[in-house]
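Report on the following structure.
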Amino acid sequence: MDQARTWDAAKSGAERNEPQRYNPDEIEPRWQARWDAQPDLYAAEPATCGKPKFYCLEMLPYPSGQLHMGHVRNYAIGDALARFMRMRGYNVLHPMGWDAFGLPAENAALKNNTPPREWTLKNIAQMKAQMSRIGYSYDWAGTETTTCLPEYYRWNQWFFLKMVERGLAYRKSSKVNWCPQCATVLANEQVVAGCCWRHEEQIVEQRELEQWFLRITRYADELLDGLNEMPGWPEKVRTMQRNWIGRSEGAEVDFVVAPALGEQAGKVAIKVFTTRIDTIFGATSIQLAPEHVLVKEWAKIDPALSRAVASMIAEQKAARETGDIGNIEKHGVATGRMAINPFTGERLPIWVANYILADYGTGAIMSVPAHDERDFDFASKYGLPEKRVVAGAGEEDAPLPYIGEDAVLVDSGEWTGQSCAAAQEKMALFAQQRGFGKKTTTYRLKDWGVSRQRYWGTPIPMVYCERGHEGVEPGGVVPLPESALPVLLPEQVEITQAGGSPLAWVPEFLHTTCPVCGGPARRETDTMDTFVDSSWYFYRYADAKNPFQPFDPQTANYWFPIDQYIGGVEHAILHLIYSRFWTKVMRDMGMIRNSEPAERLFTQGMVIKDGAKMSKSKGNVVSPDDMIARYGADATRMYALFAAPPDRDLEWQEEGVAGISRFLARVYRLGTKYAETVRKATGRPEAGSETAQRLLRSLHQTIAKITEDFQARWHFNTCIAAIMILVNEITAAEPSLDRGEVSSATLAEMLRTLTLLLAPFAPFLAAELWQQMGGSRQVFAQAWPTADAELAKEHEIEIPVQVNGKLVNVIKLPAQADEAAIKAASLADERVKARLADKTIVKHLVIDKTSGKLVNLVVK
RNA sequence: GCCCGGAUGGUGAAAUCGGCAGACACAGCGGACUUAAAAUCCGCAGGCCCUAACCGGCCGUGGGGGUUCAAGUCCCCCUCCGGGCACCA
């Protein structure tokens with residue numbers, strides 16, 4: 001405990017008659033108890049309420065058990081917005097829930113022998129208590145959603161069955177990312193620089209496994225094109241998603257392999273993918289990925305090739321695992337086989353090269369050294385020829401490789417003279433007509449692997465029929481009927497770190513009957529990726545208690561799209577791309593009308609300390625509980641909004657929190673000092689005295705400023721600065737107030753409005769002052785104040801006068817002074833005169849903008 | 001390599017449409033109150049120069065150029081920092 005607090009407590013006890021000492025430890029829990037007793041306090045109204053709707057959403061937390069400062073900031077932003085919009089007359093939906101499945105619960109189970117469910121629910125209770133202590137205005141009663149409970153995850157299963165029906169969920173064996181520490185598969189999105197997203201030091205291995213996939217690639221084009229029509233999303237996020245989807249348009253062309261002795265002619269063709277079919281006359285070799293099927297075949301009968309290929313595969317694997325795939329030295333080996341260029345009839349040698357990736361495009365390329373840098377490097381190394389087939393105007397002899405596309409074809413048969421762009425179209429079409437190719441598009445985006453070999457997740461509602469039945473082979477996969485849902489996750493399961501799902505060791509779970517033939521069946525023992533849970537939770541919020549369906553479509557259509565989504569940029573790809581995918585699937589199922597989940601997205605900056613992200617290993621973690629204990633929830637959350645604009649990183653400085661706390665104490669002293677006067681005040685505010693006029697003017701300027709900064713700019717830091725300025729002015733006017741120079745009605749207007757302005761940022765203090773000042777109902781249910789432009793108007797304005805663009809003096813004039821008067825006054829100013837001596841005036845500019853006036857004298 | 005951000009006092013930042021750079025705070029310094037300290041209140045505070053002090057002058061928003069009566073803000077070039085993608089054919 002710091003000294004200040006100890007002293008404070010002692011003194012406030014000794015001086016019980018001095019009510020103006022700010023003590024958040026007393027005020028905040030008192031209001032918290034009141035609010036907690038009404039779980040529907042912040043409930044949204046029905047669609048029929050007639051107000052415009054506003055869906056304010058913050059990303060749901062993983063229930064680790066402890067809120068961190070990033071949460072506090074994220075939720076302080078959302079809460080200020082929700083409170084503001086409520087006061088502005090909107091019907092606000094402000095929900096909260098728990099992303100409650102996931103690996104940490106299993107790790108905790110291993111460590112302390114606590115069942116994951118118990119551990120998770122305990123953490124939720126803890127974090128909910130923290131949130132309540134901070135005073136966030138969530139509609140707990142109406143929206144709270146916990147993804148690890150069957151009431152929620154049964155709908156994951158339901159969606160999964162719908163996706164199976166629609167061909168959007170399928171099973172295949174594939175090479176997958178495997179994290180040995182998680183002992184499970186990772187989605188591509190969960191691999192960062194070759195390492196696990198949860199274990200930054202752990203290199204991800206590649207394993208071959210049977211997995212469930214969701215066909216997100218079916219929506220690749222829509223996911224990509226939609227980004228162009230999302231002005232409410234940050235450009236950064238849209239760019240990241242564009243890169244991630246990685247669409248590249250080009251063509252596939254078949255190069256027939258020249259038959260070896262004893263082989264039939266024209267039997268085997270190599271499909272290459274190229275974005276530059278216009279350069280095909282310049283192809284001088286074909287390059288295959290080491291894992292290409294043909295390579296495997298040829299390697300069988302060619303031990304030397306086999307060895308070379310094996311070492312390349314090992315090399316690629318190692319490079320991929322360390323994230324160095326882009327830096328490995330290019331090399332390759334000739335197979336001795338030839339392929340025929342369908343455009344020229346030329347025979348090209350077929351090579352295997354370590355820079356060709358099996359999982360992109362077709363795993364085969366045509367190598368055009370003259371017009372591709374990588375091919376050029378490779379060809380130079382092995383003495384393969386370069387053949388120029390493209391040249392820019394006046395650049396016929398430009399050095400190779402020549403990459404430009406604003407050029408025309410040369411030495412390309414009948415295509416010679418065509419522009420690259422035209423040739424790309426026409427040559428692809430030609431290939432298609434002749435049956436040896438077509439236009440095609442490839443994506444970096446892969447289907448979403450959702451199987452996890454873990455216990456603490458949603459069971460996948462599929463079984464394997466052991467005997468088989470009509471249309472299903474023995475061991476074949478059968479979807480469960482909807483009536484079999486939910487497939488409950490068994491409790492009392494022993495968690496092991498070994499590979500494979502722990503569910504496979506639970507006989508009661510594993511063994512079941514086939515829903516079609518009634519014969520014995522085994523359940524799928526993998527569970528779903530937790531990103532499934534978070535892909536649609538915000539729809540459930542709109543109708544969280546619905547026992548019959550994931551949500552009522554009509555209700556969802558009222559609330560969606562989300563008006564404002566707020567969260568960290570670290571979810572720019574994973575969660576935000578899956579959510580968009582899920583929304584489109586639900587739209588196609590006819591459940592909703594919107595194609596995108598959120599109208600606007602805001603990504604707040606990180607909370608840092610000593611210039612680095614807070615982390616246990618760096619020892620720079622600031623605990624929210626600690627801050628609240630020292631300075632109160634109001635000061636803590638207000639500092640999180642004041643110290644930086646919300647999109648920037650925020651450096652946590654405890655002295656700053658103390659500063660906000662001092663400010664709140666000043667407000668409290670001011671409010672309580674005049675509370676009785678305010679309570680008893682009657683009549684209308686009036687600008688009787690000069691002080692009253694000045695105060696009212698400041699008040700209305702402040703209302704205008706805060707309203708504007710809040711809704712148009714999201715600059716909460718300047719909103720709070722404006723409140724501070726107002727408080728400073730009222731404090732400075734205290735002698736006047738005490739002399740009775742301002743009517744009690746005017747004073748009441750000042751202090752009540754100040755309280756309303758403070759309400760979105762410091763809800764506890766605002767509630768307390770509002771009550772002490774005799775306000776009716778709760779402060780957050782009040783209407784947001786409106787600025788009176790007339791009262792806000794300045795009577796006298798200050799006009800800076802510049803000479804040659806340099807400030808010389810500031811003159812004061814009545815607000816209505818016209819241009820002639822301003823010119824005259826500026827020339828009459830002594831300091832200006834001094835500057836003008838022996839000079840000629842070239843121009844005498846009077847600038848008049850809404851932001852203010854300015855004079856500039858241009859002299860020679 | 002490509003793409004997206006960012007750089008302003010000792011610190012966090014402000015300047016919304018091209019118009020007084022540094023609002024509002026933090027830290028600091030000086031003063032009042034106090035036996036003392038804390039708290040609170042009042043004041044000072046970008047840098048340099050001139051001055052005993054005032055008065056005053058010059059410079060200043062990562063660097064260089066440009067447009068303009070006027071540039072932190074617009075244009076061109078560059079540096080550094082953060083983030084994303086990357087032998088993606």
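No experiment lies behind these values; they were computed from the predicted model shown. Values below: every heavy atom of this structure, side chains too, minus hydrogens, waters and symmetry copies. Throughout, a chain's letter reflects where its sequence line sits, starting with A, and its residues are numbered from 1.
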Classify A:Pro645 by what it touches in the nucleic acid, base, sugar-phosphate, or nothing, heavy-atom distance under 4.0 Å.
sugar-phosphate
Using 30° and 60° as the class boundaries, would you call the ring planes of A:Phe84 and A:Phe710 parallel, tilted or perpendicular?
parallel
Any side-chain N or O of A:Arg374 less than 4.0 Å from the OP1 or OP2 oxygen of B:rC88?
yes
With a 3.5 Å distance limit and no angle check, can you tell me whether A:Asn354 reaches the backbone of A:His331 through a side-chain donor-acceptor pair?
yes
For A:Leu845, report the nucleic acid contact type (base, sugar-phosphate, nothing); a contact means any heavy atom under 4.0 Å.
base
Looking only at the side chain of A:Asn856 (C-beta and beyond, no hydrogens), which of the listed nucleotides B:rA89, B:rA27, B:rA70 gets closest?
B:rA70
Contact class for A:Arg666 (heavy atom, under 4.0 Å): base, sugar-phosphate, or nothing?
sugar-phosphate
Ignoring backbone atoms, test whether A:Asn243 places a side-chain nitrogen or oxygen under 4.0 Å from the OP1 or OP2 oxygen of B:rG83.
no
For atom NZ of A:Lys330, decide whether the heavy atoms of other residues, nucleotides or ligands shown that lie under 6.0 angstrom number more than 12.
yes
Closer than 4.0 Å, any side-chain N/O of A:Lys843 to the OP1 or OP2 of B:rC69?
yes
Using 30° and 60° as the class limits, which term best fits the ring planes of A:Tyr355 and A:Phe378: parallel, tilted or perpendicular?
tilted
Can you figure out which of B:rC20, B:rA23, B:rG83 approaches the side chain of A:Lys236 most closely?
B:rG83
Give a yes/no on whether any side-chain N or O of A:Ser248 is located under 4.0 angstrom from OP1 or OP2 of B:rA89.
yes
Any A:Arg662 side-chain N or O less than 4.0 Å from OP1/OP2 of B:rC26
yes
P atom, B:rU16 versus B:rC29: distance in rounded Å?
34 Å
Contact class for A:Glu708 vs. all strands (heavy atom < 4.0 Å): base, sugar-phosphate, or nothing?
base
Just checking A:Gly246: base, sugar-phosphate only, or nothing, at a heavy-atom cut-off of under 4.0 Å?
nothing
From the candidates B:rG84, B:rA89, B:rA14, the one with an atom nearest any side-chain atom of A:Phe273 is B:rA89
Looking for any heavy atom pair under 4.0 Å, which part of the strands does A:Glu373 touch: base, sugar-phosphate only, or nothing?
nothing
Distance, C1' atom - from B:rG43 to B:rC81, rounded to whole angstrom
39 Å
Assign A:Arg242 to base, sugar-phosphate, or nothing according to its heavy-atom contacts below 4.0 angstrom with the strands shown.
nothing
Taking any heavy-atom pair under 4.0 Å as a contact, classify A:Phe378: base, sugar-phosphate, or nothing.
nothing
Does the side chain of A:Pro342 come within less than 4.5 Å of A:Asp254's, by heavy atoms?
no
The side chain of A:Tyr355 is closest to which nucleotide in this list: B:rG12, B:rC59, B:rC87?
B:rC87
Greater than 12 external heavy atoms within 6.0 Å of A:Asp406's CG:
no
Judged by atom type as modelled, is there a donor-acceptor pair below 3.5 Å linking the side chain of A:Asp278 to the main-chain atoms of A:Ala423?
no
Among B:rA70, B:rA25, B:rG57, which is the nearest nucleotide to the side chain of A:Arg835?
B:rG57
Residues from residues 361-372 of chain A sitting under 4.0 Å of RNA chain B, heavy atoms only?
A:Ile365
A:Lys806 near the nucleic acid: base, sugar-phosphate alone, or nothing, with a heavy-atom cut-off under 4.0 Å?
sugar-phosphate
For RNA chain B, what is the dot-bracket line, given that a base pair needs Watson-Crick (N1 to N3, plus N6-O4 or O6-N4) or G-U wobble (N1-O2 and O6-N3) geometry with both distances under 3.5 Å, and | means paired with another strand?
(((((((..(((......[....))).(((((.......))))).((((......))))..(((((..]....))))))))))))....
Distance check, P atoms only: B:rG65 and B:rA71, in whole angstrom units.
14 Å
Taking the inter-plane angle between the rings of A:Tyr668 and A:Tyr22 on a 0 to 90° scale, is it parallel (under 30°), tilted (30 to 60°) or perpendicular (over 60°)?
tilted
On the nucleotide B:rG84, are OP1 or OP2 found under 4.0 Å from the side-chain N or O atoms that A:Arg238 carries?
no
Are A:Glu819 and A:Lys853 within salt-bridge range, i.e. N to O under 4.0 Å?
no
Look at the side chain of A:Arg73 and the backbone N and O of A:Gly605, then say whether any donor-acceptor pair between them is shorter than 3.5 Å.
yes
Counting only heavy atoms not in A:Lys439, do more than 12 sit closer than 6.0 Å to its NZ atom?
no
Can you check whether A:Arg713 has a side-chain N or O nearer than 4.0 Å to OP1 or OP2 of B:rC17?
no
Respond yes when some side-chain nitrogen or oxygen of A:Asn717 is under 4.0 Å from OP1 or OP2 of B:rA14, and no when none is.
yes
